[in-house]
Structure formats: structure tokens, C-alpha cells
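Each remark here refers to the structure printed beneath this line.
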Amino acid sequence: MSTTPIKRKRATHNPTASSHVHKDRYTIVQTGLTVGMIFVLATLIVVFYISFRDVQSKSTIQLKLPRSVADLKVINKEFNQLGTDHFYSLFSLFSSLYILKQTFCVPGSLWLNLWAGNSFGLMLGFPLVCFLTTVGASGCYWMSNVLLKRIVAKLFEKRIEDFSVKLQRHSDDLFWYLTFLRIVPFTPNWLLNLASPIVGVP
């Protein structure tokens, strides 16, 4: 009595299905990050609003972003008077304002840096500004990557092309080149933050 061996079908790898799985996972991660960042930004806006109302109610001047040395002196004088009793409100106001300003590319970093040094001192002000700058720049990078990539690419097409060419020239020392651009602002930092995800800077 002869038996016929059962042929087992060999498992085949379907690259199309695998790519769909990876694409779906990427979409889920992107959606999660987007929702998370929107929540963080909304929280920062609420914190800014509450702390601004609290500080403004105790201040004798109309609070505004400093745009000159004279404005900075007036605000510093007012904050120095409020600082002892309302430190946490001032800290929350400054931190949320700085991050939102960096994220939405609002000019005025110089005045806020001077403000931090005067109000919080060197030991707290310097690391605070470094941290807030990093968080705000990351938020700007995310916003460009997820929400504004096409718009930014169209509005700044020529400048982004030039930036991409310069990055290719410095591909071997990319970290030091980007550090140089941050320290010596030939290219505005806000444009670096917006253009980086478009030209492939991780």
C-alpha cells in the first residue's frame, strides 16, 4: 500500500502586506504624537492665560512683550517687586510664553533671554532658557513636520534648497555645522526649525 506524501505549502512573504503594516503603525504613531502635542500646546496656552491673568491682576503696569531696553527695564522693575511673593506665577508665565513663542516662531528671544537673566539670575536663568529653547524648537520642528511641511516648502522653496545644498556639503560634520548655525545666526533659527524636517535633519 503506497502513501502519497502531503505537500506543504511554503509560506510566502508578501512585501505589500508588510509595507501596509508598517505604514499603519507609522500612521498610528504619527496620530498619537499629533494628539499629544496638541494637548501639550493647549495646556501651555491655558497655563499662560491663567498665570498672565494672575500676574496682571497684581501688577501696576500693562504687561507686554519687551521690544526695547526701556520696556525691559520697566518689566524687570515690576517683576522684581512681585518676584518674592509670586515667584511661581511669574515662572509659569515666563516658561509658557517662551515655549509658545519658540514654537510659533514669534521674534523676541533676545529680550526674553535678558528678562530671564535679570528676573531669575544666572544660575537659574541660563539653564532655564536653554531648556525652554530646546522644547520650543522641538515643538516648531514637530509642527512643521506634521502640519506645515507643504506650506513651508512652498513659501521658502529657494531658501530651503540652499539650506539642503549646504547640509550635503557638510554631511561629514553635520552636528558641528548645525551648532555653528545656531550660534552664528546667518540663517534665522525659526527657519532652521521649520526647514529641518523638510531637508531630512533628524
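Numbers here are sequence positions counted from 1.
Formation of a donor-acceptor pair under 3.5 Å by the Asn76 side chain with backbone atoms of Leu72 is found in this model. A donor-acceptor pair is defined here as one N or O able to donate and one able to accept, closer than 3.5 Å; such a pair exists between the side chain of Asn113 and the backbone of Ser109. Proximity of a side-chain donor or acceptor of Ser95 to a complementary backbone N or O of Ser92 within less than 3.5 Å is not detected.
When hydrophobic clusters are built by joining Ile, Leu, Val, Met, Phe, Trp and Tyr residues whose side-chain heavy atoms come closer than 4.5 Å, directly or via intermediates, Ile99 is grouped together with Ile45.
If you take OH on Tyr177 and OG on Ser171, they are separated by 12.0 Å, rounding to the nearest 0.5 Å. Here the straight-line distance linking atom CZ of Phe180 with atom NE2 of His170 works out to 8.5 Å at 0.5 Å rounding. Going from atom NZ of Lys154 over to atom CG of Leu148 covers 14.0 Å, rounded to the nearest 0.5 Å. Here the CG-OH distance, from Leu90 to Tyr88, works out to 12.0 Å after rounding to the nearest 0.5 Å.
A salt bridge is defined here as a Lys NZ or Arg NE, NH1 or NH2 lying under 4.0 Å from an Asp or Glu carboxylate O, and Lys166 with Asp162 fails to meet this definition.
Both tests hold for Lys101 against Tyr98: distance to the six-membered ring centre under 6.0 Å, angle to the ring axis within 45°.
Glu78 and Thr60 are linked by a side-chain donor-acceptor pair at a separation below 3.5 angstrom, with hydrogens and angles left out of the test.
Note: Phe120 and Phe94 meet the aromatic proximity criterion, with ring centroids under 6.0 Å apart. If you look at Phe156 and Trp190, their ring centroids are closer than 6.0 Å.
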